[in-house]
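What follows is a single structure, and I will ask about it in a moment.
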Number of protein chains: 2
Amino acid sequence: MPDGADKKPSRIQQRNRRRILDAALDVFSMHGYRGATLDQIAEAAGLSKPNILYYFDGKEEIHVTLLNQLMETWLEPLVTLDPDGDPLQEILSYVQRKLDMARDLPRESRLFAGEILQGAPRMAPHLQSGLQPLFEEKCAVIQSWMDQGSLTTVDPRHLIFSIWATTQHYADFAAQVQVLLRDDPNGHEGAAQYLEAMFTRLLRP
Amino acid sequence: MPDGADKKPSRIQQRNRRRILDAALDVFSMHGYRGATLDQIAEAAGLSKPNILYYFDGKEEIHVTLLNQLMETWLEPLVTLDPDGDPLQEILSYVQRKLDMARDLPRESRLFAGEILQGAPRMAPHLQSGLQPLFEEKCAVIQSWMDQGSLTTVDPRHLIFSIWATTQHYADFAAQVQVLLRDDPNGHEGAAQYLEAMFTRLLRP
DNA sequence: TCGTGTCTTTACCAAATGGTAAAAATTATC
DNA sequence: GATAATTTTTACCATTTGGTAAAGACACGA
């Protein structure tokens with residue numbers, strides 16, 4: 001019985017849990033929590049519905065597990081923002097990493113966006129305990145860079161919001177972007193250049 | 001029978017349709033299309049479920065009606081971007097209007113975001129026929145401003161994306177913004193100042 | 001105030017959905 | 001290869017949900 005986090009999971013258990021979570025990421029990110037059904041997840045995972053409930057206690061536990069895993073991945077680029085690096089380069093690298101994530105992990109981006117869009121019912125605790133302290137820490141770093149004259153002074157909080165917004169936009173609003181940029185084979189590179197120019201002109205002293 | 005768009009709707013009909021659409025906007029924007037139930041909408045509207053189905057053919061028709069109405073409101077700020085105005089002022093006014101909309105119409109913003117997030121299943125036609133031509137038209141206007149040297153040259157398409165992303169972020173990710181800006185009574189004004197600075201530094205020649 | 005058309009309620013229904021019990025099959029252990 | 005443990009399937013179930021039929025209440029002009 002694959003219950004609490006006791007003991008080591010078997011080979012089969014690891015494989016099937018991974019399959020389920022991958023399928024669930026597909027389905028949840030596409031249809032939202034309530035829009036997703038266990039049957040869809042089961043089919044996408046190639047398992048029967050009761051079999052899925054053998055590995056997870058229920059729909060909600062799958063979703064929460066996904067959200068927990070996501071949180072680490074999601075914060076990692078901000079974690080690696082180096083207080084001792086070159087200020088402008090650090091910010092631009094952060095933008096690049098976030099943009100790459102929007103391209104490489106669009107399902108994760110949409111899962112996160114959907115959760116926040118609906119008021120973060122299952123993630124408010126994580127935002128408080130995980131994101132908030134990190135956010136304030138890095139805001140202070142950026143503020144110190146501005147104080148020492150290495151960057152133009154703007155509100156670091158809104159600066160970070162604008163980085164999140166502009167990068168995640170390409171994943172979360174992909175359906176719209178695709179319609180408007182339809183015959184452009186150069187989408188990602190164009191976005192990268194634009195954002196580099198934007199944040200450079202904003203921040204270079 | 002309030003069927004096709006024939007004849008003039010009675011007083012009661014107007015009032016109840018408005019109530020239903022307002023309630024539906026609440027519910028759909030909070031829970032997404034599938035997450036919303038007719039019972040929730042009915043309760044929020046103060047009507048019985050069958051009574052709601054007397055005014056609308058079904059859940060989908062309510063959603064589509066909402067989306068259609070939204071489209072006009074949503075595009076209006078872009079429509080009023082004046083080719084004969086002062087370029088930088090026009091862009092900055094557009095940013096302001098979009099930011100005001102995020103503050104004043106957050107339900108509409110989230111309804112739109114949720115629809116796009118899920119691949120725009122019920123709005124792809126509108127994007128093609130309504131948004132796309134307008135987008136290209138205004139991109140051309142901005143491009144001409146850049147060509148004549150009134151604005152710094154950047155890709156107008158990504159410029160517009162970044163305006164949409166940064167302004168709508170405050171409505172769509174309000175749950176997150178609220179956690180991170182929790183004791184700031186000055187949220188909207190701070191965002192307005194930041195965005196004005198950002199787009200000014202980006203675009204001023 | 002009577003009758004006709006508009007609106008609302010009551011009582012349902014079929015399908016979908018999250019979930020369970022227990023038997024059957026499979027895998028690992030000795 | 002027998003046995004114990006794990007994994008999967010079959011057959012269900014209760015609730016929720018979008019939707020309907022038809023009777024009843026109401027409004028309003030003649």
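Only a predicted model underlies this, so the values are computations on that prediction, with no experimental measurement involved. Convention: sequence-line order gives letters A, B, ...; per-chain numbering from 1.
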Looking at C:dT20, D:dG19, D:dT8, which one has an atom nearest to any side-chain atom of A:Y54?
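Among the listed nucleotides, the one closest to the side chain of A:Y54 is D:dT8.
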Do A:F56 and A:H63 have ring centroids that are under 6.0 Å from one another?
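Distance test on ring centres: not under 6.0 Å, no.
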Expressed as a whole number of angstroms, how long is the span from A:R34:CZ to D:dT15:C1'?
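In whole Å, D:dT15 C1' and A:R34 CZ are 12 Å from each other.
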Please tell me which of the listed nucleotides, D:dT17, D:dA21, C:dC7, lies nearest to the side chain of B:P50?
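Given the options D:dT17, D:dA21, C:dC7, the side chain of B:P50 is closest to D:dA21.
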For B:L38 and D:dT17, what is the distance between atoms CG and C1' respectively, to the nearest whole Å?
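Those two atoms, CG and C1', are 8 Å apart.
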Could you tell me how far apart B:H31 (NE2) and D:dT16 (P) are, to the nearest whole angstrom?
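Checked: the NE2 to P distance equals 16 Å.
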Does D:dT10 have OP1 or OP2 sitting under 4.0 Å from an N or O in the side chain of A:N51?
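Looking at the OP1 and OP2 atoms of D:dT10, neither is under 4.0 Å from any side-chain N or O of A:N51.
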Could a donor-acceptor pair under 3.5 angstrom be found where the side chain of B:K49 meets the base of D:dG18?
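Result: at least one qualifying N/O pair found.
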With ring centroids as reference points, do A:F135 and A:F161 lie under 6.0 angstrom apart?
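Yes, the ring centres sit under 6.0 Å apart.
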At less than 4.0 Å, is any side-chain N or O atom of B:N16 found next to OP1 or OP2 of C:dT8? Yes or no.
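B:N16 to C:dT8 OP1/OP2: side-chain N or O found under 4.0 Å.
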Using whole Å, report how far CD1 of A:I20 lies from C1' of D:dT7.
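To the nearest whole Å, that distance equals 12 Å.
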Flag the pair A:H126 / A:F112 as yes when their ring centroid distance falls below 6.0 Å, and as no otherwise.
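Distance test on ring centres: not under 6.0 Å, no.
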Once you apply a heavy-atom cut-off of 4.0 Å, does B:A36 come out as touching a base, just sugar-phosphate, or nothing?
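Here B:A36 touches the backbone only, sparing every base.
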Distance check: side-chain N/O of B:S48 vs OP1/OP2 of C:dT8, anything under 4.0 Å?
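Negative; the distance criterion is not met.
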Find the distance B:H63:NE2 to D:dG18:P and express it as a whole number of Å.
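Spelled out: NE2 on B:H63 to P on D:dG18 is 13 Å.
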Atom CD of B:Q178: over 12 foreign heavy atoms under 6.0 Å:
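Check fails, neighbour count at 12 or below.
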If you compare every side-chain N and O of A:Q13 against the phosphate oxygens of D:dT7 (OP1, OP2), does one of them come in below 4.0 Å?
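So the side chain of A:Q13 is within the cut-off, an N or O lying under 4.0 Å from OP1 or OP2 of D:dT7.
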Atom CG of B:L53 to atom P of C:dC7: distance rounded to whole Å?
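From B:L53 CG to C:dC7 P: 16 Å.
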Nearest whole Å is fine: how far is C:dG19 P from A:Y55 OH?
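The answer, rounded to whole Å, is 18 Å.
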Spacing of B:L47 atom CG relative to C:dT9 atom C1', expressed in whole Å:
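B:L47 atom CG is separated from C:dT9 atom C1' by 12 Å.
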Can a salt bridge be assigned to the pair B:D172 and B:R110 using a cut-off of 4.0 Å between side-chain N and carboxylate O?
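No, B:D172 and B:R110 are not salt-bridged.
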